[in-house]
2 protein chains.
Amino acid sequence: MSGERTPRRDDGERRFLDAYDPGAYAPAAVTVDVVALTIRAGVPHVLLMRRSARPQLGWWALPGGFVRAQDGPDGPADPDLPDAALRVLSEKTPLPTELHLEQLGTYGALDRDPRMRVISVAYVLLAPDLPDPETDADQAAWIPWSALGHGDGGDRGGRAEIDLAFDHARIVADAVERARSKLEYTALATAFLPPEFTITALREVYEAVWGRPLHGANFHRKILATPGFVEDTGRLAERGGPGGGRRARLYRPGGAAFLHPPLLRGAQSSPAG
Amino acid sequence: MSGERTPRRDDGERRFLDAYDPGAYAPAAVTVDVVALTIRAGVPHVLLMRRSARPQLGWWALPGGFVRAQDGPDGPADPDLPDAALRVLSEKTPLPTELHLEQLGTYGALDRDPRMRVISVAYVLLAPDLPDPETDADQAAWIPWSALGHGDGGDRGGRAEIDLAFDHARIVADAVERARSKLEYTALATAFLPPEFTITALREVYEAVWGRPLHGANFHRKILATPGFVEDTGRLAERGGPGGGRRARLYRPGGAAFLHPPLLRGAQSSPAG
DNA sequence: AAGAGAAAAACTCACTTTGAGAACAACTGG
DNA sequence: CCAGTTGTTCTCAAAGTGAGTTTTTCTCTT
């Protein structure tokens, strides 16, 4: 059992905490930045905002803001970092009901913000096609990855057309790589889709994120052979394709979080020779 | 090209920065905690320290400390977070020349430290068998994972004998899971070994971290078939096993960071039937 | 020096998974 | 009804994996 070598909190502890002065340390500003990813018409996009304040006024940047460490005039403290990420993002764009949020990493280089030492905790949000942000008109927009230099799967030679503020280009690059590799080992691709979807729609998510075509028949076989990835609803899509075609079966996400075995991007290749 | 929609820094920017007051935000304390992992005699260990200050005086905890946001009386500012992690750890134990350091995640729940809002950036450090910390005698020690409830590969039913301070048990659990999954997809196992090693030593790393035996012959075949995992030195180990046995070939880490295809823990199974 | 036992490395074989393409089924639009 | 399109199933060769056996080369003992 526990407890023998691990003392419990006692009166001395309580007295210490009452007398503690939280001002006696070198502080830093802590922010959260959110890399919101979605897929629109088969093309992966990231949500960016034009900075409306200095520094780097007018540059494209990730939505973000300061973590509320304590209760204050702006509102109550953020209970945890994911709460801060969702709060900050919801202040800029409406949030979908279904979403996946995960921590990406924390960036804290001395010179990453010219104002002061800023430690930024970055989050990745995956969501089905979201409405255009209605707040602030063209101050926020969904930008295709390709405009940031992440066009193809290997990021080979892609040059960015848009420069981002601070070190946000690096953060977006890390988020894109995170999404690409997570699709290999987890069932996360369904986070980009509505509650019910076809295998073809699922394949198009993989193709969009990885930036290359997959073999439809093999993909189909693999998905159905992976336990817990998808679950058959028993129903069919309303219509076939616009130019004809069989109606596709509808699936919903299965319970599995991880894929065993994984769906490797290095292995599966294009149908075109 | 860039620049058309992205204004460059101008005089207004410079004037803004000169007038900026860094005190006008709600601060939080930022710390780094390091989960140092190594393998001693086939058993994975983590470096823990007994807290010598309140709160939770006397409890086992991860080595850590405050990030130096700016230059101050204690020393110069940490240029980046990894620098802070290495500085903090080197203050408590000698560092090896070869090591792997990667960010694990950031923990910032409101109540994780009773003193104040503390945002902690956790790092994982993998290193070959390190000497015992000589500073402070029994204030720091290498503790086997099993004492923390991470004995077997699946963490099924393992109960911790040692409770950790704050949320450090959770951080260690995340680090252990990170190490276990990284061994599947990367060549990181060599970070636990000296510059030259045998395939058997490499297999023992996997067995220690995953907590289960692997099939030696298949492991051998798989390692040699994975391009860039290891590189033959052409030399042999000094001696065979203590009770006889062929001398093993010596390898060094290959250039590859990722394994294609991966070495899955779910797939490979024990030789005993 | 010879032989028993031990460890590393190579080999065998059945089974599974994968890549590539062909075939079949079910639909749309004319 | 027909041509074209899309979803689904099937086939087959190649590659990879799990399990066990065999061969090689050591150490230790007698």
Side-chain angles (χ1 to χ4, degrees), chain A residues 42 184-185 193 196-207 210 212-227 229-230 232-251 259-273, chain B residues 42 184-185 193 196-207 210 212-227 229-230 232-251 259-273:
Chain A
E184 293 189 305
Y185 310 117
L193 294 171
E196 299 196 344
F197 51 85
T198 66
I199 299 287
T200 297
L202 185 61
R203 175 167 51 80
E204 286 167 350
V205 168
Y206 275 89
E207 292 177 334
W210 287 352
R212 69 151 134 146
L214 298 177
H215 187 290
N218 289 344
F219 183 85
H220 202 281
R221 175 182 61 184
K222 173 78 180 177
I223 298 305
L224 296 185
T226 302
F229 196 167
V230 297
D232 196 341
T233 65
R235 287 176 302 108
L236 298 179
E238 286 300 307
R239 294 184 37 102
R246 188 169 169 175
R247 286 163 63 198
R249 204 178 279 260
L250 284 171
Y251 295 85
L259 305 184
H260 278 288
L263 225 168
L264 300 175
R265 33 177 174 163
Q268 191 136 192
S269 69
S270 139
Chain B
E184 293 189 305
Y185 309 117
L193 294 172
E196 300 197 342
F197 50 84
T198 66
I199 300 286
T200 298
L202 184 62
R203 177 168 48 81
E204 286 167 348
V205 168
Y206 275 89
E207 292 177 334
W210 286 352
R212 69 153 137 141
L214 298 178
H215 187 289
N218 289 345
F219 183 85
H220 202 282
R221 174 181 61 186
K222 174 78 179 177
I223 297 306
L224 295 186
T226 302
F229 196 166
V230 297
D232 196 341
T233 64
R235 288 177 301 105
L236 299 179
E238 285 301 306
R239 293 183 40 100
R246 188 169 168 174
R247 287 163 63 198
R249 204 177 279 261
L250 284 172
Y251 296 85
L259 304 184
H260 277 287
L263 225 168
L264 300 174
R265 358 166 206 182
Q268 191 139 189
S269 68
S270 140

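Just so you know, these numbers come straight off a predicted model, no measurement behind them. The chains referred to below are lettered A, B, ... by the order of the sequence lines, with proteins before strands, and numbering in each begins at 1. All values below come from the heavy atoms of this structure, side chains included, with hydrogens, waters and symmetry mates left out.
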Self-check item: B:L202 and B:Y251, any side-chain heavy atoms less than 4.5 Å apart
Solution: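 A side-chain contact is absent here, since even the closest heavy-atom pair is not under 4.5 Å.
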Quiz prompt | Side chains of B:R249 and B:D232 in contact at under 4.5 Å (non-hydrogen atoms) | solution = yes
For the residue pair [X] and [Y], what are the closest heavy atoms and their distance?
{"X": "A:H260", "Y": "A:P227", "result": "O-CD, 4.0 Å"}
{"X": "A:R239", "Y": "A:R247", "result": "C-CG, 3.7 Å"}
{"X": "A:L263", "Y": "A:W210", "result": "O-CH2, 3.2 Å"}
{"X": "B:T233", "Y": "B:L250", "result": "OG1-O, 2.8 Å"}

Are there any protein N/O atoms within less than 3.5 Å of an N/O atom in nucleotides 27-30 of chain D, and if so, which ones and at what distance?
| from | atom 1 | to | atom 2 | distance (Å) |
| --- | --- | --- | --- | --- |
| D:dT27 | O4' | B:G244 | N | 3.3 |
| D:dT27 | O3' | B:R239 | NH2 | 3.2 |
| D:dT27 | O3' | B:P242 | O | 3.3 |
| D:dC28 | OP1 | B:R239 | NH2 | 3.3 |
| D:dC28 | OP1 | B:P242 | O | 3.3 |

Self-check item: Salt bridge B:E196-B:R235, side-chain N to carboxylate O under 4.0 Å
Solution: yes
For atom [atom1] of [X] and atom [atom2] of [N], their distance in whole Å:
{"X": "A:L202", "N": "D:dT6", "atom1": "CG", "atom2": "P", "value": "18 Å"}
{"X": "A:R235", "N": "C:dA26", "atom1": "CZ", "atom2": "P", "value": "19 Å"}
{"X": "B:F219", "N": "D:dG16", "atom1": "CZ", "atom2": "C1'", "value": "16 Å"}
{"X": "B:L214", "N": "D:dG18", "atom1": "CG", "atom2": "C1'", "value": "12 Å"}
{"X": "B:H260", "N": "C:dG19", "atom1": "NE2", "atom2": "P", "value": "13 Å"}
{"X": "A:L264", "N": "D:dA15", "atom1": "CG", "atom2": "P", "value": "17 Å"}
{"X": "A:L236", "N": "C:dA26", "atom1": "CG", "atom2": "P", "value": "10 Å"}
{"X": "B:I223", "N": "C:dA8", "atom1": "CD1", "atom2": "P", "value": "14 Å"}

Quiz prompt | Side chain of A:R203 (C-beta onward), nearest among D:dG7, C:dA8, C:dT18 | solution =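 Of the options given, the side chain of A:R203 lies nearest D:dG7.
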Quiz item: Between the main-chain N or O of B:L259 and the side-chain N or O of B:T226, is there a donor-acceptor pair closer than 3.5 Å?
Solution: no
Self-check item: Below 4.0 Å: OP1/OP2 of D:dT17 and any side-chain N or O of B:K222
Solution: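 Result: yes.
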List, with names and distances, any nitrogen or oxygen atoms from the protein found under 3.5 Å away from nitrogen or oxygen atoms belonging to nucleotides 9-13 of chain D.
none

Exercise. Have a look at B:T200 and say if it touches a base, only the backbone sugar-phosphate, or nothing, with a 4.0 Å heavy-atom cut-off.
Key: sugar-phosphate
Quiz item: Using the benzene-type ring in the case of Trp, are the ring centres of B:Y185 and A:Y185 under 6.0 Å apart?
Solution: yes
